[in-house]
Every structure is written in structure tokens, then in C-alpha cells.
Amino acid sequence: MSRIVYVNGQFLPRAHASVSIEDRGYQFSDGVYEVCLFLNGKPLDFHLHMDRLDRSLAALSINPPMGRGAFKVVMDQMMRRNRLRDATIYLQITRGVTRRDHAFPAFPPAPAIVMAAQRFNVAALREKQKTGVAVISTPDLRWKRCDIKTVSLLGNVLAKQAAREAGALEGWMVDAQGFVTEGSSSTAWIVDQQGRLRTRRLAKDILPGITRHVMGDIAANAQIAPVEEPFTIAEAQSAKEAFIASTTSSVTPVTQIDGVPVGDGTPGPVTRDLIDRHWRHVLRETGYRL
Ligand code: PLP
């Protein structure tokens with residue numbers, strides 16, 4: 001965790017930072033967040049994250065507390081003040097502090113904004129990319145607006161905890177029809193029996209992942225344009241390859257689903273190629289070289 005955090009316009013030592021118990025984020029999870037990855041001191045896909053933040057805020061009718069340029073200045077300051085080169089910055093904006101009442105306050109308070117940074121371990125990610133990870137299936141218990149990146153994450157928390165208890169890295173959430181929606185903090189992909197790269201279409205039941213978006217372009221350039229078609233756990237278990245994608249896991253191979261090996265149980269060629277291509281994207285964006 002970073003030494004210095006940002007809270008409502010101030011950079012403070014973490015031990016001295018606090019938020020009100022009447023913050024609507026705390027009481028109603030009435031707020032949104034983003035996680036941006038900085039490598040080599042530069043943000044990855046910054047504008048895509050800011051576009052999604054704008055959409056999340058608009059969906060909840062929360063006014064952006066500052067412009068994009070100001071967000072970037074504060075984030076750069078967070079990196080500098082914490083002496084970080086490779087880090088994630090967590091950014092949270094809530095509706096603010098008011099007397100407790102479910103409805104939006106008639107006179108909107110100033111949105112509350114918090115940022116915290118965390119050192120990012122590239123070596124640990126590389127290790128997972130080489131060995132692959134296990135996932136388990138778990139029911140999707142979430143609400144009907146998973147496209148908004150809100151701090152309301154209890155369904156995701158329970159899915160991740162189920163994975164942790166099963167010795168897996170990620171929980172793939174399954175909808176009432178038996179199709180995988182996404183991971184608790186990543187999107188879910190397979191290379192199916194026909195060699196098609198498949199992931200679920202964007203709708204209100206999944207988060208529009210930034211890495212999903214970038215991977216779509218990268219894969220299309222590599223002549224393996226993704227097909228937006230949902231898949232079941234059984235299809236994923238019998239797929240040639242599977243992987244997860246997110247800001248912090250980049251593209252990470254899935255080599256086991258509910259204890260069943262995917263393919264020969266090692267990262268497959270399509271996934272390995274996409275990992276290389278994604279690192280080239282990282283190099284172009286941030287100058288970070290493996
Ligand atoms: N889906 C969920 C539910 C997530 O929480 C995340 C990231 O935290 C993702 C997908 C991946 O999104 P991104 O690529 O923007 O990190």
C-alpha cells in the first residue's frame with residue numbers, strides 16, 4: 001500500500017487519511033472506481049479508463065469532481081510522491097457525504113474522491129503467464145447493472161473467495177442459463193474446438209473491460225478476430241485454450257477449470273501469441289520493456 005494517499009484534494013500520509021462514516025459510498029456503495037496500471041511511470045490505456053469512468057459517473061448521475069487532465073496530474077503526483085515506477089492506482093469517487101437517506105440528496109454534495117497506489121509486481125504476473133492459473137465456476141450472484149464499475153462488489157468478492165478457498169486464482173461466474181459471464185475481476189475467453197477466439201458480448205451483465213477492448217483490436221490485427229458468443233463451463237473445459245484478461249492480469253492463461261485441465265494443461269499457442277502482442281502494446285503505450 002502507498003505511503004501517501006489522495007483524499008478530497010489533499011495528499012496525506014495513509015495513517016492520517018480518513019473519510020466520513022456518512023459517505024454514501026460507505027453506506028450505500030453509491031460510488032464508482034477505476035484501477036489504472038502504471039508501468040515505467042506511464043499509464044496504460046489511460047483514456048480508455050477515463051472514458052469508462054465518465055460512463056460510470058454518468059450512469060449514477062454523479063458529477064465528475066475534476067477533468068481528465070487534473071486526474072492525470074494527481075495520478076502522476078501519486079506515483080512521484082510514493083516513488084513508484086510500476087504500480088496500480090485505485091481511484092474511487094462517491095456521491096459524497098450527506099444525512100443518510102436512500103434517495104439522491106436534493107442538493108448534491110461535492111463528490112468524495114480517494115486515490116491509493118500499490119506497487120505492481122511484473123515478475124509475479126510473468127510467472128503466472130508462463131505457468132497458467134486455475135479457475136473455478138461459481139454462480140453469478142450480482143445485480144443487473146454489472147456494466148457500471150461501481151464499488152458495489154459483494155458478488156465479485158464472494159466469487160473470488162470461493163476461488164481462493166478452492167485453491168484457484170479466479171472464479172468464473174455462471175448465469176442462470178449456464179453461460180459464463182466473466183471472472184470476479186477479469187473477462188473470460190476461450191479458443192474453442194474450431195479454433196475460434198470467443199468471449200461474451202458486451203451488455204449490462206458484464207463489465208466492459210479495458211483489456212477486453214484492447215485485446216479485441218490486438219487479436220483482430222493478428223487475424224483472429226474474437227467472436228462474441230457465450231460459452232458454458234463444459235465448453236471451456238473442452239476448449240483448446242482459455243485465458244483471463246484484465247488490467248492487472250494482462251492476458252493470463254487458464255490451464256485448469258474446476259479441476260479439469262484445458263487442452264494439455266499448459267498455456268496454448270494462441271494465448272502465448274496474444275500475451276506477446278499485449279506486451280508489445282504495453283511497450284508502445286508506456287515504454288515498458290520486459
Ligand atoms: N470484469 C470485472 C468484473 C472486473 O472487476 C474487471 C477488472 O477489475 C474486469 C472485468 C477487467 O477489466 P479491465 O480490463 O478494465 O481491468
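Counting convention: from 1, in listed order, for ligands and their atoms alike. Below, each value reflects all heavy atoms present in this structure, side chains not excepted, and no hydrogens, waters or symmetry copies. The first residue in the sequence is number 1, and the count goes up from there.
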Engineer: Please state which protein non-hydrogen atom is closest to atom 5 (O) of ligand 1 and give its distance, to 0.1 Å?
Structural biologist: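 Among all protein heavy atoms, the one nearest atom 5 (O) of ligand 1 is S185 CA, 3.4 Å.
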
Engineer: So for R52, does at least one of its heavy atoms come nearer than 4.0 angstrom to any atom of ligand 1?
Structural biologist: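 Contact present.
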
Engineer: For W279 and Y288, take the angle between the two ring planes, folded into 0 to 90°, and tell me which bin it lands in: parallel under 30, tilted 30 to 60, perpendicular over 60.
Structural biologist: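 Geometry flag for Y288 against W279: tilted rings.
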
Engineer: Please determine whether the number of non-hydrogen atoms from other residues, nucleotides or ligands lying under 6.0 Å from atom CZ of R164 exceeds 12.
Structural biologist: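 No, because the 6.0 Å sphere around CZ of R164 holds 12 heavy atoms or fewer from other groups.
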
Engineer: For G183, take its heavy atoms, then give the atoms of ligand 1 lying under 4.0 Å from any of them.
Structural biologist: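 Atoms satisfying the 4.0 Å criterion: 3 (C).
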
Engineer: Can you tell me if K160 and S185 form a side-chain donor-acceptor pair at under 3.5 Å?
Structural biologist: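 Side chains of K160 and S185: pair found under 3.5 Å.
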
Engineer: Please state which protein non-hydrogen atom is closest to atom 12 (O) of ligand 1 and give its distance, to 0.1 Å?
Structural biologist: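 Nearest protein contact, heavy atoms only, for atom 12 (O) of ligand 1 is G209 CA, 3.5 Å.
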
Engineer: What protein heavy atom is closest to atom 11 (C) of ligand 1, reported as residue, atom name and distance in Å?
Structural biologist: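 The protein heavy atom lying closest is S246 CB, 3.7 Å.
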
Engineer: Ring of F231, cation from R198 - is the NZ or CZ under 6.0 Å from the centre and inside 45° of the axis?
Structural biologist: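 Relative to the ring axis of F231, which defines the angle, R198 lies outside at least one limit.
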
Engineer: Under 3.5 Å, is there a donor-acceptor pair between the side chain of R272 and the main chain of K130?
Structural biologist: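 Not a single qualifying donor-acceptor pair exists.
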
Engineer: Can you find an N or O of P208 that's nearer than 3.5 Å to an N or O of ligand 1?
Structural biologist: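 The answer is no, given that P208 and ligand 1 share no N or O pair closer than 3.5 Å.
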
Engineer: Is it the case that atom CZ in R68 sees more than 12 heavy atoms from other parts of the structure closer than 6.0 Å?
Structural biologist: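 Counting other residues, nucleotides and ligands, CZ of R68 exceeds 12 neighbours.
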
Engineer: Does the N or O separation between R142 and ligand 1 drop below 3.5 Å for any pair?
Structural biologist: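 So ligand 1 has no N or O lying under 3.5 Å from an N or O of R142.
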
Engineer: I want to confirm something. Looking only at heavy atoms, which of V214, T88, T247 is nearest to atom 13 (P) of ligand 1?
Structural biologist: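 That would be T247.
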
Engineer: With the threshold set at 4.0 Å, does a side-chain nitrogen-carboxylate oxygen contact exist between D76 and K72?
Structural biologist: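 Yes, this pair counts.
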
Engineer: State whether E34 and R52 are salt-bridged, where the test is any N-O pair (Lys NZ or Arg NE/NH1/NH2 against Asp/Glu carboxylate O) under 4.0 Å.
Structural biologist: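 Here E34 pairs with R52 in a salt bridge, since their nearest N and O are under 4.0 Å apart.
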
Engineer: Give a yes or no answer on whether the side chain of R142 reaches the backbone of D205 with a donor-acceptor pair at less than 3.5 Å.
Structural biologist: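 Confirmed, R142 side chain pairs with D205 backbone.
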
Engineer: With heavy atoms only and a cut-off of under 4.0 Å, state how S186 meets ligand 1: side chain, backbone, both or neither.
Structural biologist: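 Under 4.0 Å from ligand 1, S186 contributes backbone atoms alone.
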
Engineer: Looking only at heavy atoms of S184, does any of them come nearer than 4.0 Å to an atom of ligand 1?
Structural biologist: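 It does; at least one heavy atom falls under 4.0 Å.
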
Engineer: Quick check: T211 and ligand 1, any N/O pair under 3.5 Å apart?
Structural biologist: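 The answer is yes, given that T211 and ligand 1 share an N or O pair closer than 3.5 Å.
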
Engineer: Return the residue, atom name and 0.1 Å-rounded distance of the protein heavy atom closest to atom 8 (O) of ligand 1.
Structural biologist: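 That would be K149 NZ, 3.3 Å.
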
Engineer: Considering only heavy atoms, which of N156, I210, T187 lies nearest to atom 3 (C) of ligand 1?
Structural biologist: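 That would be N156.
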
Engineer: What is the nearest protein non-hydrogen atom to atom 1 (N) of ligand 1, stated with its residue, atom name and distance?
Structural biologist: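 Residue, atom and distance for the closest contact: E182 OE1, 2.6 Å.
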
